[in-house]
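Proteins get letters first, then strands, A, B, ... in listed order; numbering begins at 1 in each.
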Amino acid sequence: ATTVTVGTSGQPKPYTYVDDTNKLTGYDIEVLRAIDKITPAYKFNYKKAEITAVLGGVDSGRYQIGANNFGWNPQRAKKYTYSNPIFDDSYAIVVRKGNNSIKSLADIGGHSIASQTGVNFTLAIENYNKAHPKNQAKLTYTSSEVPKVLQDVQTGKYDFALLDAPLYKNINQQYKFTDLKMVVLKKSDVKKIGVPHSYFLTAKDAQGKKINQALNRGLAKLEKNGTLKKISKKFFGADYSPKSE
Amino acid sequence: MIKIKGLSKSFHNNTIFSDLNLEIAAGEIVAIIGPSGAGKSTLLRCLNLLETPDQGSIEFNQVAYQAGAKISQTQLTKFRQQTTMVFQQFNLFRQKTVLENVLEGLLVVKKLSRSEAEKIALEKLTLVGLVDHADYYPGQLSGGQKQRVGIARALAMNSSTLLLDEPTSALDSELVGEVLATLRQVVLQNPNQTVVLISHELAFVQQVATRVLFFDQGGILEEGTPEQIFKNPKNERTQQFLSRFNQQVFS
Amino acid sequence: MIKIKGLSKSFHNNTIFSDLNLEIAAGEIVAIIGPSGAGKSTLLRCLNLLETPDQGSIEFNQVAYQAGAKISQTQLTKFRQQTTMVFQQFNLFRQKTVLENVLEGLLVVKKLSRSEAEKIALEKLTLVGLVDHADYYPGQLSGGQKQRVGIARALAMNSSTLLLDEPTSALDSELVGEVLATLRQVVLQNPNQTVVLISHELAFVQQVATRVLFFDQGGILEEGTPEQIFKNPKNERTQQFLSRFNQQVFS
Amino acid sequence: MAKVFDPQLVLRDIPKLLAYLPETLLITIISLVIGLILGLGIAMVKIHRVPVLDRLLAIFVSFTRGTPILVQLYVTYYGIPIVLQYANYYWGTHLNVNNVPGLLFVLVTFSLNEAAYNSENIRGALQAVDAGEIEAATALGETQWQILRRIIVPEAFVIALPTLGNALISLMKNTSLAFVASVVEMTARGQIIAGNDYRYFEVYLALAIIYWGLTIITEQLIRLVEKRITRFQQQQAPQPAKKVNFNLLKHPASVVKRGETLD
Amino acid sequence: MAKVFDPQLVLRDIPKLLAYLPETLLITIISLVIGLILGLGIAMVKIHRVPVLDRLLAIFVSFTRGTPILVQLYVTYYGIPIVLQYANYYWGTHLNVNNVPGLLFVLVTFSLNEAAYNSENIRGALQAVDAGEIEAATALGETQWQILRRIIVPEAFVIALPTLGNALISLMKNTSLAFVASVVEMTARGQIIAGNDYRYFEVYLALAIIYWGLTIITEQLIRLVEKRITRFQQQQAPQPAKKVNFNLLKHPASVVKRGETLD
Ligand SMILES: Nc1ncnc2c1ncn2[C@@H]1O[C@H](COP(=O)(O)OP(=O)(O)OP(=O)(O)O)[C@@H](O)[C@H]1O
Ligand SMILES: Nc1ncnc2c1ncn2[C@@H]1O[C@H](COP(=O)(O)OP(=O)(O)OP(=O)(O)O)[C@@H](O)[C@H]1O
Ligand SMILES: [Mg+2]
Ligand SMILES: [Mg+2]
């Protein structure tokens, strides 16, 4: 079997992380392990690296697969081959309790938010601001981690945060933010942010495409035999597995 | 006129001298000689408070210093202006030119105008024969030239008393003559300039001093005119000291 | 026996000396005197190839050096072992103790066993009166002591010729006597030791040298016994040079 | 083949990044100046062995030198709001740093870092100043403050400059971490650009070129300053035309009585 | 109130992080040793002005000093495979570095970085070695290599040590960037731990404590080494009991004929 290296940063949990027993796991990772089991042509090998380095690693051929809860966007699609969706995401706005002024993406004008670079949420805010030049959201770029951003929302430094709903639930298990509440976005808003799925990435070359096909075949089988659903339940307590139309 | 009364100084229990009394009249040229470690430098440095005396008082015509009493910065400056010092190691300001070295005290301490200060500085540099070198940095001068700048810097302050601590002992023998000649000229030209001088150049001391003090064992063991001290020392230690010196100088 | 033939040396077009010829017999004590900058040091440094001569040859009993010819490291070491040098600035290895300084050449160059080397080193340190100081570092010695270690280090190599370049001029006058006495003793005790010496200590030269060379203007202007050179110099420049010296020394 | 590397993008990115050069320089210069002043202060405390303060500053310097600056940024940027939150909660205070811009945290962190790193260097330089010159100025009657300003600091600066220069260059490169505190300077801008087109390698190359250029320019500036302030060492003045020679002592016969003029 | 900060976690994290201390030390020590050797080489090339190589190394040193080490890691770890990919594509070669472990790239990058930073310092130290001692060793007949090993390097080491110590501490802290090249050392491990429990601030505090401790230990070690190798300066030997005094010259009468023994 050909050895294929998977690059992942080990965060965010629960998509990819190292558990208390020092074992790499997470939704993305376990899905790949399941595919590995039913794909005799390849053997997956997992490598952790800093997040930007995961993408750089796929560029440079160091990793053949990137697995880090990657969403879809056109720029990224130019550079990488996308697998079929692996995850049906759900997005949410997080605000302070008692703040009822932001219920959907349409309400963010004039409110402040800090967001990381290279994620779909940031692009969505940028797009919103382009569309509403008179009533822009106050976007602060940051390289702070998500919990810090949430803390800043709690203290009132920023008005809201935009993130994956399952991620927020996980973080909240740890921090128990008593002063925050989550508003899950409606389907229409989710579409504005992007395709609400996450994917595996492979390189845009012949080998990348071949691996991609193998991934897709594996995903189809896992969906059919219910493994995807099982893995999703394990990590999220709910079924976020994608359903092919 | 300098009056030193009951002056004592020790470094951590090591008494250098105690209860020292000395009067120096205006215009006197007092040479202090004595063995190494006797405390000659310490005494001289007490005169401008580079060392703080433990006890006693020092009085110049205009101002007095009493050991232990509080002294304001203004008083301190005034006291220090009674004397100026020429150092063994020259201690020129290396980042300043020869002219700037001489100007420093005039501008910063005496607060003269630039033009007044320059006039004085150039005059003193002419006196020591270095007016051509006004724009040199100390690093570009010979030892003898450096010491002559040191002398000019001291003279420029126009204080009543000139303190010289072995002003030639850091020089090669060739350059010693150069500096001693300058000093001799300065001393001879200014009859009212009081000078307190430490020197191992006994020939020079003999020529210029009006009074010689032999300093040892924490006090002035003997004093007198150069004639008396060199030709006819009474104290046994003075005799011993001078015999060693004579040997070294004339061998 | 040293034979110098047609030796020339210049630094970038500045000819120091050219076509110099000189023979020195075993056991001679040759003193080179002359004004500053004459090239005395350069000549001495050519003898152990610290400076590379441009032309000519240098021959010791056992080995020869021909300017321009290739020389292997072994030959070079062998040539350099013909001489040892005592430096004006001592040049002791500061990180090594007195004993290690003397051992260095014995162990590294002569490749003696540790015990043999130590025997020789302690012997030479005894000779210069510093065997008590074997474990001192150079920084803990006086100038005179340092130079005596330098002498012991040179003697330990037991080479036929000892090169001395103003071995006392970096010392205070007090320490000069100490070193000259040691040298005198060494020289007098070893009648077969050839010595080439540069010194401004004319009194010393007069006492120990068997031959004096007056070096100036790129060559040896005059040579003879100390008696001849000091009492009866023929060359006008020698006379001039010595008169200046006599003045300085005896004034 | 996929275009894994696009040199054109490097060229396109450079001007985009340079637009944020002012931020980089602002952080660098302000931190440098405050860092130097604080560093001088710390050095003075150390030299004069001010009790207690002395020990506290030693711990501060040790911590700053001993931990990555990234961690220091975290500690100020994350830690201070947390401390205030707890204070507000337990003591009912209403302290709030939300309106304090991230830039301030960055400036504080970098200034303190710079102060800690430079303090040792400055202390060494101050203590290397020739004691003789200080005595000379004292004897002239200058005050301590005048001596510090006119003699000690200029000389210490000459001694400290090479090390200060290196610290400056490190500082400039370290500003790239300011993004942790949401301050957008060149490197942050680079990450934002790459966040849009996923061309990380190209951006990093562009950044490398810019930082390299900045470093070279800084080094040249330092060299210029060094040349200026060490004039007194370098310039080989022409040897004096005539050697002044007062040949008085050579002829002990020519003794002149006091008050007479020579020449 | 939400538990924004949990000090217990800091304590829990420390041993977890320390499990990766060997990786940190491995990278530090290997890079230090290789860096010193290469730095010495670069210094020698500079001192002897080896043509061409001299210029190339100057550019290398300038680049290394002028760009953040993060960028250097990117350039080696991602740049080299890209270059090879192009080579493979255009020239049909089959070069592949993907099986070369990331650790090697990290070691190469840090070693080169260390070499560049130390080369100037080493050059300065080598040139500060007393020329007189070199002459003395030459005159004794030692070879150039013996002189380098026995005289120059030990002395230069004493001069260079304080600066080398600082470089070592920087290096140790910089190893935290190795995660870029997939090498998991302490900081990377910290990020992974935080990825599991979202407790970033606690992990960074734990890292700060560990790095601080490491730095203090390293400083103490350097001080020890310094004390050892500067024995020759510090130790104030007892003054010799009796002052040897050959009083020969004082009495010119006592001339001894050659061959006679004195004393
Ligand atoms: N700052 C100081 N701290 C402690 N002891 C000192 C200090 N300055 C001088 N001494 C000691 O005071 C004594 C007198 O020193 P001083 O320099 O006055 O002697 P001196 O007569 O000038 O000798 P010399 O002729 O060698 O210059 C010496 O024993 C010296 O060690
Ligand atoms: N390495 C060198 N490069 C260039 N010129 C040199 C070098 N060494 C010596 N010289 C020049 O060679 C001349 C002779 O120098 P040398 O040191 O041999 O004189 P010297 O007779 O020993 O003088 P002194 O008595 O002052 O020691 C001097 O003009 C000196 O400047
Ligand atoms: Mg004295
Ligand atoms: Mg010479």
> To the nearest 0.5 Å, what is the distance between CD (E:E133) and CZ (C:F90)?
Replying inline: 13.0 Å
> Relative to chain C, which segment of E:A137 carries a heavy atom at a distance below 4.5 Å: side chain, backbone, both, or neither?
Replying inline: both
>> Is C:L92 close to chain E through its backbone or its side chain, or both, or neither, when contacts mean heavy atoms under 4.5 Å?
In response: backbone
>> Around atom CD of E:Q220, are there more than 12 heavy atoms from other residues, nucleotides or ligands closer than 6.0 Å?
In response: yes
>> If I compare all heavy atoms of E:A136 with all of C:R153, which pair ends up nearest, and what's the gap?
In response: CB-NH2, 3.6 Å
> Of the backbone (N, CA, C, O) and the side chain (C-beta and beyond), which part of C:F93 lies under 4.5 Å from a heavy atom of chain E, both, or neither?
Replying inline: both
> Hey, which of C:R80, C:Q73, C:R94, C:Q89 has the most heavy atom pairs under 4.5 Å with chain E?
Replying inline: C:R94
> Would you find more than 12 non-hydrogen atoms of other residues, nucleotides or ligands less than 6.0 Å from E:R55 atom CZ?
Replying inline: no
> Got a second to check how far E:L140's CG is from C:N91's CG, nearest 0.5 Å?
Replying inline: 10.5 Å
> Does CD in E:Q144 sit with more than 12 non-hydrogen atoms of other residues, nucleotides or ligands closer than 6.0 Å?
Replying inline: no
> Contact part of C:K78 toward chain E, heavy-atom cut-off under 4.5 Å: side chain, backbone, both or neither?
Replying inline: neither
> Heavy atoms, side chains only, cut-off 4.5 Å: are C:T77 and E:Q146 in contact?
Replying inline: no
>> Which one wins on heavy-atom pair count under 4.5 Å against chain E: C:M157, C:K110, C:R45, C:Q81?
In response: C:R45
> Just how far is it from atom CE of C:M85 to atom OG1 of E:T138, taken to the nearest 0.5 Å?
Replying inline: 11.0 Å
> What part of C:L76 gets closer than 4.5 Å to chain E, counting heavy atoms only: side chain, backbone, both or neither?
Replying inline: neither
>> Nearest 0.5 angstrom please: C:N48 CG to E:E135 CD, how far?
In response: 8.5 Å
>> Could you measure the distance from the CZ atom of E:F232 to the CD atom of C:Q95? Nearest 0.5 Å is fine.
In response: 4.0 Å
> Does any N or O in the side chain of E:E142 come within less than 3.5 Å of the main-chain N or O of C:V108, such that one atom is a donor and the other an acceptor?
Replying inline: no
>> Counting only non-hydrogen atoms closer than 4.5 Å, does C:S159 touch chain E with its backbone (N, CA, C, O), its side chain (CB onward), both, or neither?
In response: neither
>> Checking an interface table here. Which of residues 156-173 of chain E come within a heavy-atom distance under 4.5 Å of chain C?
In response: E:V158
